[in-house]
Amino acid sequence: MKTFKLENEPKIKSGFTSPENYFENFSSRIIQELPKNESKVVSLFARRKIWMYAAAAVIVLALTIPVYNHFSNRSSEIDTVTLENYIAYNSTISDADIVNLLDEKDIQKMTVDLNIEDKSIENELSTNENLEQYLLN
């Protein structure tokens with residue numbers, strides 16, 4: 001193989017040259033070419049976007065507030081069916097315990113005024129064939 005030495009080979013000149021004093025006057029020439037007063041560019045859709053974002057926020061709030069209220073405002077009162085089932089299946093609670101827990105207002109609410117005449121009771125008992133069931137239960 002032939003030996004190659006870089007110093008012995010002819011030098012190739014680059015095809016790129018810069019004019020004389022090009023970089024000395026470069027910054028001043030660029031500043032002169034810049035426009036003096038640049039006008040501010042305002043997008044026509046910028047204000048529309050703000051209103052669209054505001055409307056979207058209002059819609060999101062309008063949809064989430066009822067959902068939040070539905071899940072967060074649970075009533076602290078227990079429905080009567082649940083309470084009756086609890087009392088029926090938990091035999092450790094005695095009648096005396098229930099009476100001790102009731103207030104005077106609760107007792108007044110529980111009173112039922114049945115205005116049934118004696119004649120209607122007699123009529124029902126005489127026409128009903130399951131009189132034995134009433135007496136046995």
Side-chain angles (χ1 to χ4, degrees):
M1 192 158 166
K2 193 175 181 182
T3 61
F4 177 76
K5 292 193 178 182
L6 191 59
E7 293 90 27
N8 296 338
E9 295 298 320
K11 304 284 183 197
I12 299 173
K13 291 188 177 184
S14 171
F16 299 105
T17 58
S18 60
E20 289 186 29
N21 299 329
Y22 179 76
F23 289 106
E24 292 172 4
N25 301 335
F26 184 71
S27 62
S28 62
R29 204 173 53 232
I30 292 294
I31 290 174
Q32 289 174 356
E33 290 179 8
L34 290 175
K36 299 294 179 198
N37 294 329
E38 286 188 29
S39 61
K40 186 176 179 182
V41 177
V42 177
S43 174
L44 295 176
F45 300 107
R47 290 191 179 198
R48 240 186 229 171
K49 284 183 184 178
I50 293 172
W51 284 107
M52 287 174 30
Y53 291 148
V58 167
I59 289 171
V60 167
L61 282 175
L63 293 176
T64 56
I65 288 174
V67 172
Y68 175 75
N69 285 338
H70 176 71
F71 288 112
S72 67
N73 289 342
R74 294 290 182 197
S75 177
S76 61
E77 296 180 18
I78 301 172
D79 62 352
T80 56
V81 174
T82 306
L83 185 61
E84 287 175 2
N85 289 337
Y86 178 78
I87 292 172
Y89 293 118
N90 293 324
S91 61
T92 58
I93 299 174
S94 66
D95 292 338
D97 292 336
I98 294 173
V99 169
N100 289 334
L101 293 175
L102 294 177
D103 295 348
E104 187 66 32
K105 290 180 185 178
D106 295 332
I107 294 171
Q108 288 176 357
K109 287 180 186 176
M110 289 175 28
T111 59
V112 178
D113 187 21
L114 297 176
N115 292 330
I116 301 175
E117 298 177 7
D118 291 337
K119 190 172 190 177
S120 62
I121 294 174
E122 288 176 10
N123 192 16
E124 183 64 30
L125 290 175
S126 66
T127 58
N128 195 347
E129 296 177 3
N130 294 330
L131 183 59
E132 293 177 6
Q133 286 290 44
Y134 288 128
L135 295 174
L136 294 177
N137 292 331

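If you're wondering where the values come from, they're calculated on a predicted model, not measured in any experiment. Reckoned from all heavy atoms, side chains included, excluding hydrogens, waters and symmetry mates.
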J.: Once side-chain contact (heavy atoms from CB on, under 4.5 Å) is applied, do any residues pair with D106, and if so which ones, sequence neighbours excluded?
T.: L102, D103
J.: Quick one: name the residues clustered hydrophobically with I59, using the 4.5 Å side-chain heavy-atom rule over I, L, V, M, F, W, Y, and just say none if it's on its own.
T.: L63
J.: Look at the side-chain heavy atoms of Ile, Leu, Val, Met, Phe, Trp and Tyr, link any pair under 4.5 Å apart, and say whether L101 and Y89 land in one connected group.
T.: no
J.: List in chain and number order the residues that pass side-chain hydrogen bond (donor to acceptor under 3.5 Å, both in side chains) with D97, two or more places apart in sequence or in another chain; answer none if no residue qualifies.
T.: S94
J.: Quick one: side-chain contact (heavy atoms from CB on, under 4.5 Å) partners of S120, sequence neighbours excluded?
T.: I116, E117
J.: Considering residues at least two apart in sequence or located in another chain, which fulfil the ring pair (Phe, Tyr, Trp, His ring centres under 6.0 Å) criterion with Y22?
T.: F26
J.: So, does N100 use its side chain to make a donor-acceptor pair with the main chain of A96 at under 3.5 Å?
T.: yes
J.: Rounded to the nearest 0.5 Å, what separation is found between the CD1 atom of I30 and the CD atom of E33?
T.: 5.0 Å
J.: Among all residues two or more places apart in sequence or in another chain, which pass the side-chain hydrogen bond (donor to acceptor under 3.5 Å, both in side chains) test with T82?
T.: D79
J.: More than 12 foreign heavy atoms under 6.0 Å from CZ of R48: is that the case here?
T.: no
